[in-house]
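Written out below as structure tokens is the structure these notes cover.
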There are 2 protein chains.
Amino acid sequence: MADREKHPNTPRITKNARLVLDILRQVGQPLTAYEVLDRIRPQGITAPTTVYRALERLVECGLIHRLETLNAFVSCGREEVHGPSAIAICTDCHGVIEMQNDAVPGYLYGWAETKDFTVTSLTIEILGQCSQCRIKPEPNVDSE
Amino acid sequence: MADREKHPNTPRITKNARLVLDILRQVGQPLTAYEVLDRIRPQGITAPTTVYRALERLVECGLIHRLETLNAFVSCGREEVHGPSAIAICTDCHGVIEMQNDAVPGYLYGWAETKDFTVTSLTIEILGQCSQCRIKPEPNVDSE
DNA sequence: AATGTTATGTTATATTATATCATCATTTAA
DNA sequence: TTAAATGATGATATAATATAACATAACATT
């Protein structure tokens with residue numbers, strides 16, 4: 001409630017949004033909408049629409065990120081995110097590293113401005129391999 | 001052919017890739033795979049698979065970009081692209097502006113390195129409104 | 001010609017996302 | 001206190017995006 005007072009233009013966190021947020025926080029990794037749905041079924045949620053609505057709300061609240069390159073959603077590293085961030089995603093373990101530095105967004109906004117382009121959203125995603133997974137590569141099933 | 005000599009690890013441009021590339025170049029705007037399919041049907045192509053294969057090849061060749069935020073594909077502004085670029089996409093007219101500057105990718109690579117993260121791909125997309133569309137807004141259907 | 005390799009064709013299906021409309025809950029205002 | 005308005009949820013259907021799997025064709029090499 002304090003949240004709402006501080007950020008009155010932000011949608012409130014409804015019952016379903018709460019359920020979805022808890023799942024994403026508990027997992028700590030990106031999940032697709034349907035993966036969320038599978039985990040939320042025990043709570044009586046059966047329709048994709050329901051999950052998508054909750055996810056959309058949470059994105060608007062800045063509590064989760066949508067990862068365009070994975071078609072998935074992940075809870076923010078910090079409690080809440082303000083302004084755009086860059087996200088590195090390990091394609092092996094699906095771990096996520098967030099960068100909250102303003103430098104890159106700042107630069108991109110600046111560039112957009114020179115093109116007389118009005119920015120409404122910024123997506124910066126980096127796919128690759130985290131240090132853990134480089135050291136200890138995916139256990140290969142048929143490595144004879 | 002000179003191309004293949006210069007970039008031997010790049011897939012060659014096959015018949016279908018050629019067809020798709022020509023369409024994307026002619027249109028000059030992002031198209032979804034199925035929009036490409038519609039325009040390529042007259043050439044006897046009927047299956048999504050065929051289009052996706054061609055698109056994948058063209059992305060590998062660096063001749064087109066995949067736009068993650070639109071699930072669409074657009075031919076490169078330049079003949080061919082080397083290294084990652086930032087792309088601004090107008091949500092009104094779907095026009096695309098490419099930035100080929102190395103600064104941002106360089107910064108992001110640097111950041112990834114500090115996290116000991118090995119980058120395999122970089123996606124930078126900016127959604128918003130181009131100057132044209134800000135001046136002359138979308139003709140609103142029911143503006144009474 | 002036999003073989004291997006790459007590209008293409010064909011069918012089916014998986015995955016991701018939205019539209020639509022009905023119902024329920026909560027607030028607002030008469 | 002009810003009526004109206006608004007916002008959230010539920011339920012069903014379907015749209016839009018993408019891939020799997022396997023068959024055939026084209027082409028190069030031997």
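Atoms considered below: every heavy atom in the structure, side chains included; atoms not considered: hydrogens, waters and symmetry mates. Here the structure is a predicted model, which is why all the values come from computation and not from measurement. Throughout, protein chains are lettered first and strands after them, A, B, ... in sequence-line order, and every chain is numbered starting at 1.
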Could you go through nucleotides 5-12 of chain C and list every protein N or O atom that sits under 3.5 Å from one of its N or O atoms, giving the distance for each pair?
residue: C:dA7; atom: OP1; partner: B:Arg57; partner atom: NH1; Å: 3.1
residue: C:dA7; atom: OP1; partner: B:Arg57; partner atom: NH2; Å: 3.3
residue: C:dA7; atom: OP2; partner: B:Arg57; partner atom: NH2; Å: 3.0
residue: C:dT8; atom: OP1; partner: B:Thr14; partner atom: OG1; Å: 3.4
residue: C:dT8; atom: OP1; partner: B:Lys15; partner atom: N; Å: 3.3
residue: C:dT8; atom: OP1; partner: B:Asn16; partner atom: N; Å: 3.3
residue: C:dT8; atom: OP2; partner: B:Thr14; partner atom: OG1; Å: 3.2
residue: C:dG9; atom: OP2; partner: B:Asn16; partner atom: ND2; Å: 3.2
residue: C:dG9; atom: N7; partner: B:Arg53; partner atom: NH2; Å: 2.4
residue: C:dG9; atom: O6; partner: B:Arg53; partner atom: NH1; Å: 3.2
residue: C:dG9; atom: O6; partner: B:Arg53; partner atom: NH2; Å: 3.4
residue: C:dT11; atom: O4; partner: B:Thr49; partner atom: OG1; Å: 3.3

Rounded interatomic separation in angstrom, taking CD from A:Glu56 and P from D:dT9:
12 Å
Contacts under 3.5 angstrom, residues 37-52 of chain B side chains, donor-acceptor by atom type, not counting sequence neighbours:
residue: B:Asp38; atom: OD1; partner: B:Arg41; partner atom: NH2; Å: 3.4

Which residues pass the salt bridge (charged side-chain N to carboxylate O under 4.0 Å, His left out) test with A:Glu125, not counting sequence neighbours?
none
Starting from C1' on C:dT16, measure out to CG on A:Asp38 and report it in whole angstrom.
13 Å
Anything under 3.5 Å between a donor and an acceptor, one on a side chain of residues 53-64 of chain A, the other on a protein residue two or more places apart or in another chain? List them.
residue: A:Arg57; atom: NH1; partner: A:Arg12; partner atom: O; Å: 2.8

B:Arg66 vs D:dA18: side-chain N/O to OP1/OP2 distance below 4.0 Å
yes
Find the distance A:Gln43:CD to D:dG10:P and express it as a whole number of Å.
12 Å
What is the distance from CG of A:Leu67 to C1' of C:dT16, rounded to the nearest Å?
15 Å
Kindly say if A:Tyr52 contacts the phosphate of C:dA17, meaning a side-chain N or O under 4.0 Å from OP1 or OP2.
yes
Please report the distance, rounded to the nearest Å, between CD in B:Glu68 and P in D:dA16.
20 Å
Holding to salt bridge (charged side-chain N to carboxylate O under 4.0 Å, His left out), I want the full list of residues that pass it with A:Arg66, two or more places apart in sequence or in another chain.
A:Glu68
Whole-Å gap separating C1' (C:dA14) and CG (A:Leu37):
15 Å
Under 4.0 angstrom between A:Asn71 side-chain N/O and D:dT17 OP1 or OP2:
no
Side-chain polar contacts of residues 104-123 of chain A - donor-acceptor pairs under 3.5 angstrom, sequence neighbours left out - could you list them?
residue: A:Tyr107; atom: OH; partner: B:Asn101; partner atom: ND2; Å: 2.7
residue: A:Thr114; atom: OG1; partner: A:Trp111; partner atom: O; Å: 2.5
residue: A:Asp116; atom: OD1; partner: B:Arg134; partner atom: NH2; Å: 3.4
residue: A:Thr118; atom: OG1; partner: B:Arg134; partner atom: NE; Å: 2.7
residue: A:Thr118; atom: OG1; partner: B:Arg134; partner atom: NH2; Å: 3.2
residue: A:Thr120; atom: OG1; partner: B:Leu127; partner atom: O; Å: 3.1

Taking A:Glu98 for its side chain and A:Gly77 for its backbone only, find out whether a donor-acceptor pair lies under 3.5 Å.
yes
Check B:Cys90 against B:Cys130 and note the closest heavy-atom contact, atom names and distance.
SG-N, 3.4 Å
Whole Å only: how far is the CD atom of B:Glu35 from the P atom of D:dA18?
11 Å
Do we count B:Tyr34 as stacking onto D:dT17 if the rule is ring centres under 5.5 Å and planes under 30°?
yes
